[in-house]
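To start, the structure itself, in structure tokens.
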Amino acid sequence: VQLVESGGGLVQAGGSLRLSCVASGFTLDDYAIGWFRQAPGKERERISCIAPTDGATYYVDSVKGRFTISSDSDKNTVSLKMNNVRPEDTAVYYCAGGEPPGVCVETMFYDYVMSAWGKGTLVTVSS
């Protein structure tokens, strides 16, 4: 089971960025795939998740309306489109997978539920 993130980089406030997470070794439909982030000096926080099998999604309030998560089962890929980014979005973004897909709900989508993790991709938002 492997997750590899890409797409991080430097972006100006108000701009957009798309992160991708390519999964290998398992079928997306058997998992919930989520994004977490960790800013310098802060704890890791959950951002969003998707259950590719039925398209169910969850977003934390701080990114709702700005970020969009999507999945492509043919490519075994989950993407996070980040619009109208803010300096406080600066962090290392991690892709993670957990079973079953039903954990993609507000009450269960936590890092300790995830069993597979990528190494992260850095997003820096300049003001």
Side-chain angles (χ1 to χ4, degrees):
V1 175
Q2 188 176 17
L3 297 169
V4 179
E5 306 95 335
S6 63
L10 175 64
V11 60
Q12 286 189 332
S16 298
L17 207 61
R18 179 185 291 274
L19 306 184
S20 294
C21 172
V22 178
S24 60
F26 65 95
T27 302
L28 276 188
D29 285 353
D30 293 336
Y31 279 71
I33 305 296
W35 288 92
F36 295 77
R37 68 185 180 188
Q38 187 165 21
K42 295 187 177 181
E43 293 187 354
R44 185 165 55 193
E45 63 171 334
R46 60 184 185 174
I47 299 300
S48 179
C49 64
I50 187 168
T53 187
D54 63 6
T57 58
Y58 164 78
Y59 298 92
V60 68
D61 284 347
S62 60
V63 307
K64 199 173 294 184
R66 300 189 299 123
F67 292 9
T68 303
I69 193 169
S70 61
S71 66
D72 184 337
S73 294
D74 289 340
K75 297 181 180 179
N76 243 31
T77 299
V78 170
S79 299
L80 184 70
K81 181 67 185 302
M82 306 166 60
N83 292 327
N84 192 23
V85 296
R86 304 165 180 168
E88 54 264 38
D89 293 323
T90 294
V92 177
Y93 283 71
Y94 298 91
C95 175
E99 298 176 279
V103 301
C104 181
V105 292
E106 182 177 7
T107 55
M108 287 191 281
F109 176 53
Y110 293 101
D111 54 3
Y112 57 80
V113 175
M114 301 291 115
S115 58
W117 290 84
K119 294 183 178 180
T121 186
L122 176 63
V123 173
T124 304
V125 182
S126 62
S127 56

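In this chain, residues are counted from 1 in sequence order.
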Decide, yes or no, whether a salt bridge links E45 with R37 under the criterion of side-chain N to carboxylate O below 4.0 Å.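 Looking at E45 and R37, the cut-off is met.
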Does a side-chain heavy-atom distance below 4.5 Å link [X] with [Y]?
X	Y	result
Y59	I47	no
L17	V123	yes
P52	Y31	no
V125	Q12	no
V11	T124	no
C104	F109	no
L28	V78	yes
L19	W35	yes

Not counting sequence neighbours, list each pair that qualifies as a salt bridge (charged side-chain N to carboxylate O under 4.0 Å, His left out) and has a residue in residues 66-82.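 Listed once each, the pairs are R66-D89.
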Ring pair (Phe, Tyr, Trp, His ring centres under 6.0 Å): which pairs involve residues 82-102, sequence neighbours left out?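 Output for this query is empty, none listed.
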Could you tell me whether the side chain of [X] and the main chain of [Y] form a donor-acceptor pair under 3.5 Å?
X	Y	result
N76	V22	no
E5	C21	no
S48	Y58	yes

Counting only heavy atoms not in K64, do more than 12 fall under 6.0 Å of its NZ?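 It does: K64 NZ has more than 12 such atoms within range.
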Count the heavy atoms of every other residue, nucleotide or ligand shown that sit under 6.0 Å from CD of E88, and state whether that count exceeds 12.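 Atom CD in E88 is packed in, count exceeds 12.
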In terms of hydrophobic clusters joined by side-chain contacts under 4.5 Å, are V4 and F36 together?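 Different clusters: V4 never reaches F36 through Ile, Leu, Val, Met, Phe, Trp or Tyr contacts under 4.5 Å.
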Verify the cluster assignment for M82 and L10: are they in a single hydrophobic cluster under the rule of side-chain heavy atoms below 4.5 Å apart?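 Not linked; separate clusters.
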Over all atoms of both residues, closest heavy-atom pair of [X] and [Y]:
X	Y	answer
P101	D29	CG-O, 3.4 Å
A116	V1	CB-CG1, 3.5 Å
V103	M114	CG2-CE, 4.1 Å
V92	G120	CG1-CA, 3.9 Å

How far does [atom1] of [X] sit from [atom2] of [Y], to the nearest 0.5 angstrom?
X	Y	atom1	atom2	result
I50	S70	CD1	OG	6.5 Å
T90	L122	OG1	CG	8.0 Å
T57	I33	OG1	CD1	14.0 Å
S16	N84	OG	CG	8.0 Å
Q2	S24	CD	OG	4.5 Å

Assess R44 against W117: is NZ or CZ under 6.0 Å from the centre of the six-membered ring, and within 45 degrees of the ring's axis?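 Judged by the rule, R44 and W117 form a cation-pi pair.
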